[in-house]
Structures are given as C-alpha cells and as structure tokens.
Protein chains: 2
Amino acid sequence: MTKLQSHGREPFETVDRAPEAQAEGFATVRQAHESEMAEDYVELIAELIETRGEARPVEIAERLGVKPPTVTKNISRLKAAGLVRREPYRAIFLTDSGQELAEACRQRHRIVVAFLCSLGIDEETAERDAEGIEHHVSETTLVAFGQALKQSWKHE
Amino acid sequence: MTKLQSHGREPFETVDRAPEAQAEGFATVRQAHESEMAEDYVELIAELIETRGEARPVEIAERLGVKPPTVTKNISRLKAAGLVRREPYRAIFLTDSGQELAEACRQRHRIVVAFLCSLGIDEETAERDAEGIEHHVSETTLVAFGQALKQSWKHE
DNA sequence: GACAAAAGTTAGACATGGCTAACTTATCTA
DNA sequence: TAGATAAGTTAGCCATGTCTAACTTTTGTC
Ligand SMILES: [Mn+2]
Ligand SMILES: [Mn+2]
Ligand SMILES: [Mn+2]
Ligand SMILES: [Mn+2]
C-alpha cells in the first residue's frame, strides 16, 4: 500500500477554505444555473431534430415536463440569445452557435452518463442524476471522467 | 479483455428514453433546485457554528458571496421551514431537523469532494464542482461514489 | 455614557422560470 | 372546403433569489 499514487487526504475531513474561495464556488454554481435552461433546451432541440426530423414546442414541453406556454417563453429567450431561429407557429431550428452549444452539451451529457454507468449505477439513475450534474462539471472534471472511463474499459 | 465486469454499452451513444422518463428526470432536477438554498445554508451554518462558535449573517453573506439582505430574507425562509431558530439581530441556530439536514449535507459534500479528488482532480476544482454536483447526486450514486472511494484506497 | 462604526433589517425593484385561462393559427378529416 | 381538433401564443399571475438604498439596532471606543 504505497502512498505514491495517493491523491491525498483523509476522505471525510472538511476542507476549510478561505471565505473568498468558498464564495467563488457558490458564484460558479449560480452562474451554472443561469445557463442551465439554455443548455437543456438546445440539447433537446438537437436531439429532436435528429430523431424526429424537427423540434416542435409540444414535444419539447412533453419531454421537459413543462407546459407549452413555458416553452414559448423560453424559446423566445433563446432566440434573443441568438441560439435559435424560428417563426411563430413553426418548428424550431438552431443557429450555428446554438448547434455548437448543443453538440458540446450532448457530448458532456453522454460522458457524464457513461461515467456514472461505469461506476455500476443503473442507466435510469445515471440519466436522472446526469441531467443535473452535467451543468456543474468543469472542463477539468469532464476530462477526468473521460480518463476514468477509458480506465474502466481496460479492466472490463 | 473479458466482458464480465462490463457495466455495458458504448460510452458515447445517446440513450433514447421514453418522454415520460425524460420528463421525470428534468422534474427531479427542478426539485433539487428547490432544496438547494436550504441545503447550502444549513451546511454553512453548521460549519460556522463548529469553527467559529456561532453563525452570523455577515459571515454567511461573505462565504456565500451574496449581500446581507439576501441572507436575512433566506434565513427567514429557513425559519418558516423549521430549519433554523433565531431572534432578530442575533446569531443563527439550527433546529433539530436543521441539524439533521446539515449533517447529511456535510457528509454528502465531503464524499463528493473526496470522490472527485480520488479521480486526480485538484482540491480547488473538486470543491467548486462539488458545490453544485452534490445537490444532484441520488442516494444510489452517493453509495457508488463511496464504493469507488474505498476501491481507490486499496490501490494507493 | 456618548457617539461612531459595524451589523442587521426593511422596503421595493428586477430577472428567471414556472403556471392557468383565453385566444389564435394550423392541421386533419369528413 | 367547412368544421373540429391540435398546436401555439398571449396575458397575467406567482415563487424564488438576487440586488440597492435607507433605516434600526448592536457593539466597541474614548
Ligand atoms: Mn441538464
Ligand atoms: Mn442533458
Ligand atoms: Mn451546494
Ligand atoms: Mn456544499
């Protein structure tokens, strides 16, 4: 039991951090919440276009578990943010920047799900937890998940 | 390269799920967001009481990175929810149920941080990501993190 | 003990993301 | 092609969690 590969510390001690560092952490979480709606929408829209040919508000509402007016309102926010293109009463399309965001989100989502599954978590739970977790995974952590995933392949 | 221990699937394929299942996932995330404020506050209050002797609004504000009026408002919500006991202009205490929630949250927070660190992620990043991730980790996933952590000790 | 500084609260504003009810537009079908 | 049904929008409501400005209370200092 060498200490060489240790990433260190006893696992259950509370790290005490400088107040500013802690505050920065909470600020990061609040920021993540601000992008969350956009990320989930573009991700879903991309999936619907791919699998259903088009993205319709009814279906977005159904899959998000919200009511149609909520979708209308949020879609116009996405349009204002330049992520989506569309005319009233018609299907929804992604702009280039929307497409780009969607791809990144889908990729991240898939990695998080696969990583959780590689820990032995059932797919349903993995999907559920990933839907929230994904928005709080930094690039660093995403890379670490990817690495761990590769490791898990070797050992199977 | 046996398939015995495989937890299955190619890692980068999109799982397609029934609309209701997907909707339930998003509903779970929305629910998690509703408890998030309470969880972060009681956790922080418990830590402040432990390390500083008492929990004062200024310090809560400083560590959360918000302004004092935000803390005042949220503390009265926690009081209404029966998590906190306090009189105006005085320090804040946890009720039994607040204490209980705080302990669970601290434990979960520590496990998530330790787990991320065990993947080789630096502590600062681990803390930052954990602050958001913790609220979306189901019991199942928390247990899996704990297990993986135990494994990582064996191999170090 | 008075007064200045620090801490805390109150009031009122704002953005976000839900909702229902009522209306409009598009699509389907007889 | 008319009428019915489904889809989508609009208007207006609500809760949450943030803020600033102004006020009150407590604390510390001389
Ligand atoms: Mn999500
Ligand atoms: Mn997702
Ligand atoms: Mn948190
Ligand atoms: Mn936490």
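All values below come from the heavy atoms of this structure, side chains included, with hydrogens, waters and symmetry mates left out. Chain identifiers are assigned alphabetically (A, B, ...) following the order of the sequence lines, protein sequences preceding nucleic acid strands; residue numbering begins at 1 within each chain.
Remark: B:Arg128 engages A:Glu24 in a salt bridge, criterion side-chain N to carboxylate O under 4.0 Å. A salt bridge is defined here as a Lys NZ or Arg NE, NH1 or NH2 lying under 4.0 Å from an Asp or Glu carboxylate O, and B:Glu87 with B:Lys79 fails to meet this definition.
Nucleotide C:dG12 holds its C1' atom 18 Å from the NZ atom of B:Lys67, rounded to whole Å. Per the geometry, CD belonging to B:Glu62 stands 14 Å off P belonging to C:dA6, to the nearest Å.
Between A:Tyr41 and A:Ile92 there is no side-chain heavy-atom pair separated by less than 4.5 Å. The closest side-chain heavy-atom distance from A:His135 to A:Asp40 is below 4.5 Å.
Using a 4.0 Å cutoff on non-hydrogen atoms, the parts of residues 25-38 of chain B near DNA chain D are B:Met37, ordered by number. Residues of residues 44-55 of chain B that place a heavy atom closer than 4.0 Å to DNA chain D do not occur. DNA chain D lies under 4.0 Å from at least one heavy atom of each of the following residues of residues 73-88 of chain A: A:Lys73, A:Arg86, A:Pro88.
Nucleic acid contact class of A:Pro69 (heavy atoms, under 4.0 Å, all strands): base.
A:Ala32 pairs by the side-chain contact (heavy atoms from CB on, under 4.5 Å) definition with A:His136, not counting sequence neighbours. Annotation: side-chain hydrogen bond (donor to acceptor under 3.5 Å, both in side chains) contacts of B:Glu124 (sequence neighbours excluded): A:Arg17. Residues satisfying the side-chain contact (heavy atoms from CB on, under 4.5 Å) criterion with A:Ala38, sequence neighbours excluded, are A:Leu78, A:Leu83. For A:Gln31, there are no side-chain contact (heavy atoms from CB on, under 4.5 Å) partners, not counting sequence neighbours. With sequence neighbours excluded, the residues satisfying side-chain hydrogen bond (donor to acceptor under 3.5 Å, both in side chains) with B:Glu59 are B:Arg52, B:Arg63. Residues meeting the side-chain contact (heavy atoms from CB on, under 4.5 Å) test with B:Ser76, sequence neighbours left out: none.
The two residues B:Ala126 and B:Val113 have their closest heavy-atom pair at CB-O, 4.1 Å. Summarising the geometry of A:Glu62 relative to B:Ala23, their closest heavy-atom pair is O-CB, 3.4 Å, with the distance given to 0.1 Å. Across B:Gly98 and B:Val42, no two heavy atoms sit closer than the pair O-CB, 4.1 Å.
Think of the region where chain B sits on DNA chain D: with heavy atoms and a 4.0 Å cut, that region ends 5' and 3' at D:dT16 to D:dT26.
Proximity of A:Thr70 to the phosphate of C:dC19: a side-chain N or O atom is located under 4.0 Å from OP1 or OP2.
Atom CD of B:Glu100 sits in a sparse spot, with 12 or fewer heavy atoms from other residues, nucleotides or ligands closer than 6.0 Å.
Looking at DNA chain C, the stems built from 3 or more consecutive Watson-Crick or G-U wobble pairs, each pair with its key distances under 3.5 Å, are C:1-30 with D:1-30.
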Give every donor-acceptor pair under 3.5 Å between a side-chain atom in residues 139-151 of chain B and any protein atom, sequence neighbours left out.
| residue | atom | partner | partner atom | Å |
| --- | --- | --- | --- | --- |
| B:Thr141 | OG1 | A:Asp129 | OD2 | 2.5 |
| B:Thr141 | OG1 | B:Ser138 | OG | 3.2 |
| B:Gln151 | OE1 | B:Lys154 | NZ | 3.1 |

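Checking C:dG8, C:dG18, C:dT24 against the side-chain heavy atoms of A:Tyr89 singles out C:dT24 as nearest.
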